[in-house]
Visitor: 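So that we are looking at the same thing, I have put the structure below in structure tokens.
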Amino acid sequence: MQPRDLSATSPYVPGRGIEEVARDLGLDPNELIKLSSNENPHGSSPKAVDAVTTRATEGLHVYPKAAHTDLTKKLAEKWEKAPEQIWVSPGADGAIDYLSRAMLDPGESVLVPSPGFSYYSMSARHHHGDVSEYELSKADEFNQTADLVLDAYDGDRIVHLTSPHNPTGTEWAREEITTLLDAVDDQTLVVVDEAYGEYSEQPSSIGLVDDFENVAVLRTFSKAYGLAGLRIGYGVVPEPWADAYGRVNTPFAANELACRAALAALDDDDHVDHSVETARWAREYLSENLEAPTFESAGNFVLADVGDASRVAERSQEEGVIIRDCSSFGLPGCVRISCGTHEETKTAVETINRILAEVAPK
Ligand SMILES: Cc1ncc(COP(=O)(O)O)c(C=O)c1O
């Protein structure tokens, strides 16, 4: 017995967890700072924690129907859309899968950014699609434009855009997205991934789903709301084909506690504002104080050009600061450092600068 040929699919490489690293290095997990997975250094929204802990064991024997409906309705109100247009999912990853399921016939192609978030191509391949790439150029500071995508575009069925982009932090300008939407085929779905949208100062592309039938926008509770462990996110899609959700979603995949937590988190503006404020401070602090070139970021992380990324990430981890080696993104010279609290970020900068002086003395 063998699975089907999965050789074209690379395994997903997550940032390493604190417990795992602590065990390997024989350290106390409390001594480690994890800045490798773009998580929220302030934890979850306290209102969300309260919502799941006070009613933690209540109603867990029934399928998550009411909480899912309530969350869908609340998100629809927030974005001024019809409830059908909100595709609640287990993380934004789940929404990527739902869009792949809804759109792809076997052999159709999906155009993804390189470097970029690896789950776009994984999902395409899971759904028997082919993958091609458009290249963001380091020499051009990973700038994202319609022309760049159109140069690689060949009538693909799905085109993935990320704004702010992981791992570089760059953003799409609204005019560039509309230029792209006007230029591609009517049957090409452009997916704008706004997993880091709260950290950006630009308006969401969700407004575009009223004007274009071939755009969908992804959002998540994993980052600014601090609910990565619960796996909850959503897509927002145009009204004319929104009913496909009923045919493609995995029933009840967004679990009861996740839906309850997300509902409460939506009422916790203070937590989101505080999280965004810290990230904006930290990305500025990182770019001003790291002894390595950095790229301007609109997310809760900063990409830094350190030379030998594997070595720097490994040494940094030994010193208690876990950062992301971007070799697996095809950027062997770069590390991605998530925005921590003020204290964590300052310690990270001090540690990395010490390592840079040791690894690549000037
Ligand atoms: C660009 C991008 N999209 C989507 C996701 C997945 O988010 P979620 O945790 O909601 O599945 C991530 C996670 O890091 C990401 O970086």
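Every number for a ligand or one of its atoms is a count from 1 in the order of the listing. Everything numeric in this text was worked out from a predicted model, so none of it was measured. One is the number of the first residue; the rest follow in order along the sequence.
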Visitor: Main chain of E108, side chain of D130: is a donor-acceptor contact present, judged purely on distance under 3.5 Å?
Guide: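 Not confirmed, D130 side chain does not pair with E108 backbone.
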
Visitor: So which protein heavy atom does atom 3 (N) of ligand 1 come closest to, and at what separation?
Guide: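 The answer is D193 OD2, 2.5 Å.
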
Visitor: Considering non-hydrogen atoms of the protein only, which is the closest contact for atom 5 (C) of ligand 1, and what is the distance?
Guide: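 The answer is F117 CZ, 3.3 Å.
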
Visitor: Report yes if some N/O of A195 lies less than 3.5 Å from some N/O of ligand 1; otherwise report no.
Guide: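 A195 vs ligand 1: no N/O contact under 3.5 Å.
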
Visitor: Kindly determine whether S100 and H126 satisfy side chain to side chain donor-acceptor pair (under 3.5 Å), including the steps that lead there.
Guide: CA-CA 9 Å; S100 299; H126 294 163; over 6 Å; no

Visitor: What is the ring orientation for Y196 with Y199, classed by angle as parallel under 30°, tilted 30 to 60°, or perpendicular over 60°?
Guide: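 Geometry flag for Y199 against Y196: tilted rings.
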
Visitor: Applying a strict under-4.5 Å side-chain criterion to I, L, V, M, F, W and Y, I'd like to know whether L35 and F117 cluster together.
Guide: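 The answer is no; the residues belong to distinct hydrophobic clusters.
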
Visitor: Under a 3.5 Å distance rule, please check whether D156 uses its side chain to pair with a backbone N or O of V159 as donor and acceptor.
Guide: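 No, because the side chain of D156 does not come within donor-acceptor range (under 3.5 Å) of the backbone of V159.
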
Visitor: Would a 4.5 Å heavy-atom cut-off, applied to side chains only, mark V306 and L356 as touching?
Guide: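 A side-chain contact exists here, since the closest heavy-atom pair is under 4.5 Å.
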
Visitor: Looking at T162 and P164, would you say the former's side chain and the latter's main chain have a donor-acceptor pair under 3.5 Å?
Guide: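 No, the answer is negative, given that no donor and acceptor are paired below the 3.5 Å cut-off.
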
Visitor: Tell me the contacting part of S222 for ligand 1: side chain, backbone, both, or neither, using a 4.0 Å heavy-atom threshold, strictly below.
Guide: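 Within the 4.0 Å criterion, S222 contacts ligand 1 through side-chain atoms alone.
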
Visitor: Quick one: nearest non-hydrogen protein atom to atom 13 (C) of ligand 1, plus distance?
Guide: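 Heavy-atom neighbour on the protein nearest atom 13 (C) of ligand 1: K223 NZ, 3.5 Å.
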
Visitor: Is a side-chain N or O of S44 found less than 3.5 angstrom from the main chain of V49, in a donor-acceptor match?
Guide: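 Absent.
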
Visitor: With atoms numbered from 1 as shown, which atoms in ligand 1 lie under 4.0 angstrom from a non-hydrogen atom of G91?
Guide: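 Selected atoms, number and element: 8 (P), 10 (O), 11 (O).
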
Visitor: Is the backbone of S200 close enough, under 3.5 Å, to the side chain of R280 for a donor and an acceptor to pair up by distance?
Guide: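 Flag set: sc R280 to bb S200 pair under 3.5 Å.
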
Visitor: What part of H165, side chain, backbone, both or neither, has a heavy atom within less than 4.0 angstrom of ligand 1?
Guide: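 For H165, there is no contact with ligand 1 at all, from either part.
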
Visitor: Quick one: look at Y196 and ligand 1, take heavy-atom pairs under 4.0 Å, and tell me if it's side chain, backbone, both or neither.
Guide: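 Y196 to ligand 1: side-chain contact only, backbone stays beyond 4.0 Å.
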
Visitor: If you measure every N/O of D93 against every N/O of ligand 1, is any gap under 3.5 Å?
Guide: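 The answer is yes, given that D93 and ligand 1 share an N or O pair closer than 3.5 Å.
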
Visitor: Would G233 count as a contact of ligand 1 if the rule is a heavy atom under 4.0 Å away?
Guide: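 Heavy atoms of G233 never come under 4.0 Å of ligand 1.
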
Visitor: Around atom 11 (O) of ligand 1, find the nearest protein heavy atom and jot down its residue, atom name and distance.
Guide: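 The closest heavy atom on the protein side is R231 NH2, 2.7 Å.
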
Visitor: Can you confirm, on distance only, whether ligand 1 has an N/O atom lying under 3.5 Å from any N/O atom belonging to T162?
Guide: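 The answer is no, given that T162 and ligand 1 share no N or O pair closer than 3.5 Å.
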
Visitor: Which residue and atom name correspond to the protein heavy atom nearest atom 7 (O) of ligand 1, and how close is it?
Guide: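 Of every protein heavy atom, A92 CB, 3.9 Å lies nearest to atom 7 (O) of ligand 1.
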
